[in-house]
Amino acid sequence: MSREIHTTTGISNYKTALRQKWFSWKDVSSFFEQVCNLALEQGGFFCAFILEWEAGEGKWKKLVGAPQGSAETLGDFLKHLPEPTKKNISPEPKNLILSQSSGKIISLSKSAQKGTYSAMLVPILNLEIESKIFLFLVSDDESEFNEVENELLADVSYHLSYAYSHLIEQNRRLSAQKAMATSEKKFLAIFETVVDAIILITEGAEIIMFNPAAEKMFGFSSDEVTGKNVKVLMPDPFYSEHDSYIERYIHTSEKRIIGIGREVLAIKQDGTIFPIELAVSEVHLDGHRYFVGVIRDITRRKNAEDSLVAKNEELELLNKSLEARIDHEMSLRRERERTLEAQSRMAAMGEMIGNIAHQWRQPLNAISILIQEMEFAYTEQESDEKYVQDTTARILDLLQSMSQTIDDFRNFYKPNKEKETFSLRNTVEKSLSLVAASMKNQNIKIETHFSGNDTAYGYPNELAQVLLNILSNAKDALLQHKPEIPSILVRIFSEEDRKIVVVKDNGGGFDSSVGDKIFLPYFSTKEQGAGVGLGLYMSKAIVEKNMGGKLTASSDGVGAEFRIELP
């Protein structure tokens, strides 16, 4: 059989076979394989390949080839095929003569050791875009393809391009359908399982979708409400006005709920009215407008808010009541403090009177003796004018001393109005002078030790009251404990930036169990009736509240020590 009859008939048969299979191909891969196989079976070609031009890498790539296992059959052909450009990519096949004898082409197969081959590069064009997919046909005849064969292969190119475009479109449509089906499944999964109620209605407010969460929330089944107006889920006044809401939005696009969301009331199948949070969105599908409502039952939240409001009101009433109680308690406390202060003053007055009595005892004795002497001198007629004048002058001096004692005590117990800088030593010495007679009368030895800078800032008279109270307590402890040599030591010294006054006695001290109670009002370690227990309480208030210092007490078993720290 001559090559012309063989090749032309084969290509014609190839073209017919391709047309018969137009709608049998299901995917691109099987399409490419059968195109190559039919080229061998019907077209009489030596081999056939589907090639793709990779523009990024600038080279040809084999996709499918026939016969199978002919990966090496292309040999060096791919290196010498022309690059597909806009000029040479067209429906017209490219007639190529591949010469082995030129040294550029290696053998197509071991069994085909001929010198020259004829080949065709047939474009498979996508009808929408320029394709770079080609059918590469190789004949083992060295003659070029004639005009009839070229026309037949041009028809083959058209049919292949049409089938290829159909497959691409079919695959695209199947992918879209698959994506749509997947999307629908996802939507249904969300719609069916979401915890919020979702309702889809038409422009006419008819319910077309009602998810399980909505069924549970409202007590209706989907079948019971589908096709009904959504206002069946609303109590008045929303029920009566709902249609006008939608109609107004459709005509004016004025958003009151749609696209905004708000809290409204809804009604269940059993008539229960409950609060909901409603968010409505507008969607367009297939040229129609729909509205999607997402609903959340906020009964618990509203109950919690109402409970919180009630609690806040209760708390406000409690606060007002508490404020009134605090004001009342503060008033009582101020009254108690005034009472304590008055009692303290009375106790201090008693101490003052006692100290004055001790201070007056010696001058009174002296005055009594002088008066008796004057009477005796008068009886014995031993008095004269000079004697009477001298005796009277001595009595007046003693009375002046007694009057000065009264002034000293009065000034000492007179509170300072403003803080001032004063000498701790002078204040301590004045305090000791007021109790010196009393201490001497009880055979109590007083020692002092002053060192460092003794300048302080505060209320000297009030500090003197504190010292008098501590000294008085020390005297009472010494009289109660009766040590062999009763003594009181008063020290003044500086410690860092603070001034310290320490009063220590050997009167036995106090038990450690009462250490924290010693400054409490009405607490006393003295014998019953010997004290009211206010002196140390008031002393601590004076030192710490009025003067910004610190008053502490300690006991070592020998006696008590009171420590005053002043800034």
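What you see below is based on every heavy atom in this structure, not just the backbone, and it leaves out hydrogens, waters and symmetry mates. Worth saying up front: this structure is predicted, and the values here are computed from it rather than measured.
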Discussion item. For E561, is there an ion pair with R563 - N to carboxylate O distance below 4.0 angstrom?
Written reply: no
Worksheet entry | Salt-bridge present (D196, R296; N to O < 4.0 Å) | yes
Practice prompt. Kindly indicate whether the side chain of P275, heavy atoms from C-beta on, has any atom under 4.5 Å from the side chain of T299.
Written response: yes
Worksheet item: Should the pair R325-E329 be classified as a salt bridge under the 4.0 Å nitrogen-to-oxygen rule?
Response: no
Practice prompt. Side-chain contact test, heavy atoms from C-beta onward, threshold under 4.5 Å: evaluate it for K178 versus L174 and give yes or no.
Written response: no
Worksheet item: Any side-chain heavy atom of E429 within less than 4.5 Å of one from F450?
Response: yes
Practice prompt. Test side-chain contact (heavy atoms from CB on, under 4.5 Å) on K550 and V543 and set out the steps.
Written response: CA-CA 6 Å; K550 186 177 181 181; V543 173; 5.6 Å; no
Worksheet item: So, the side chain of T226 versus the backbone of S222: is there a donor-acceptor pair under 3.5 Å, distance only?
Response: yes
Practice prompt. Verify side-chain contact (heavy atoms from CB on, under 4.5 Å) between K228 and E206, making sure each step is shown before the conclusion.
Written response: CA-CA 5 Å; K228 292 184 179 180; E206 291 183 358; over 6 Å; no
Worksheet item: Around atom CD1 of I485, are there more than 12 heavy atoms of other residues, nucleotides or ligands at under 6.0 Å?
Response: no
Item to complete: Examine the side chains of D223 and S221 and answer whether a donor and an acceptor come within less than 3.5 Å of each other.
Response: no
Item to complete: Check whether any side-chain N or O of K540 sits under 3.5 Å from a backbone N or O of L551 as a donor-acceptor pair, and report yes or no.
Response: yes
Discussion item. So which atom in F422 and which in G458 form the shortest heavy-atom distance, rounded to 0.1 Å?
Written reply: CE2-N, 3.5 Å
Practice prompt. Check for a donor-acceptor pair, side chain of N211 on one end and backbone N or O of I198 on the other, with a separation under 3.5 Å.
Written response: yes
Fill in: Side chains of T455 and T421 in contact at under 4.5 Å (non-hydrogen atoms)
yes
Worksheet item: So which heavy atom on S555 is nearest to which on G509, and how close?
Response: OG-CA, 3.4 Å
Fill in: Heavy-atom check, side chain of Y459 versus side chain of M547, under 4.5 Å
yes
Fill in: Any side-chain donor near an acceptor of the partner, N453 and S494, under 3.5 Å
no
Worksheet entry | Chi angles and distances behind the side-chain contact (heavy atoms from CB on, under 4.5 Å) call for I488, I444 | CA-CA 7 Å; I488 298 174; I444 297 173; 4.1 Å; yes
Worksheet item: Do Q442 and L479 have side chains that get closer than 4.5 Å, going by heavy atoms?
Response: yes
Fill in: Student check: side-chain heavy atoms of T448 and I492 closer than 4.5 Å
no
Discussion item. Could you check whether any side-chain N or O of D454 sits under 3.5 Å from a backbone N or O of R425, counting only pairs where one atom can act as donor and the other as acceptor?
Written reply: yes
Worksheet item: About how many Å separate OG of S472 and CG of L467, when rounded to the nearest 0.5 Å?
Response: 12.5 Å
Worksheet, complete the sentence: Value for CD1 (I276) from CD1 (I295), rounded to nearest 0.5 Å, stands at 4.5 Å
Discussion item. Could you check whether any side-chain N or O of E544 sits under 3.5 Å from a backbone N or O of G549, counting only pairs where one atom can act as donor and the other as acceptor?
Written reply: no
Fill in: Derivation and outcome, side-chain contact (heavy atoms from CB on, under 4.5 Å), residues M439 and L471
CA-CA 9 Å; M439 296 293 183; L471 290 169; 4.2 Å; yes
Fill in: Member of I542, I564, L468 meeting the side chain to side chain contact (heavy atoms under 4.5 Å, CB included) criterion with L463
I564
Item to complete: Supply the atom-to-atom distance N229 CG to I207 CD1, rounded to the nearest 0.5 angstrom.
Response: 7.5 Å
Worksheet entry | Donor-acceptor pair, side chain of D556 and main chain of G559, under 3.5 angstrom | yes
Item to complete: Would you kindly say whether E462 and N546 are connected by a side-chain donor-acceptor distance under 3.5 Å?
Response: yes
Worksheet entry | Ion pair check, K320 and E323, cut-off under 4.0 Å | no
Worksheet entry | K445 and E447: CA distance, side-chain angles, deciding distance, salt bridge (charged side-chain N to carboxylate O under 4.0 Å, His left out) verdict | CA-CA 7 Å; K445 179 182 178 181; E447 298 181 23; 3.4 Å; yes
Worksheet entry | Heavy-atom donor-acceptor pair, K482 side chain to L478 backbone, under 3.5 Å | no
Worksheet, complete the sentence: Here the gap from N312 atom CG to L318 atom CG, rounded to the nearest 0.5 Å, amounts to 12.0 Å
Worksheet, complete the sentence: Heavy-atom nearest pair, F291 first then T202, reads CD1-O, 3.9 Å
Item to complete: Look up atom CZ in F210 and atom CD1 in I199, then write down how far apart they are to the nearest 0.5 Å.
Response: 4.5 Å
Worksheet item: Heavy-atom distance under 4.5 Å between the side chains of F562 and V466, does that happen here?
Response: no
Fill in: Contact summary for V502 and F493, nearest pair of heavy atoms
CG2-CE2, 3.8 Å
Discussion item. Looking at R300, I want to see if its CZ is surrounded by more than 12 non-hydrogen atoms of other residues, nucleotides or ligands under 6.0 Å.
Written reply: no
Fill in: Salt bridge present between E277 and K302 (N-O < 4.0 angstrom)
no
Item to complete: Give, for atom CG of L566 and atom OH of Y457, the distance between the pair rounded to the nearest 0.5 Å.
Response: 13.0 Å
Worksheet item: Is the backbone N or O of S539 less than 3.5 Å from a side-chain atom of Q465, with the two atoms forming a donor-acceptor pair by type?
Response: no
Discussion item. When you measure from the centre of the six-membered ring of F274, is the NZ or CZ of K268 closer than 6.0 Å and no more than 45° off the axis?
Written reply: yes
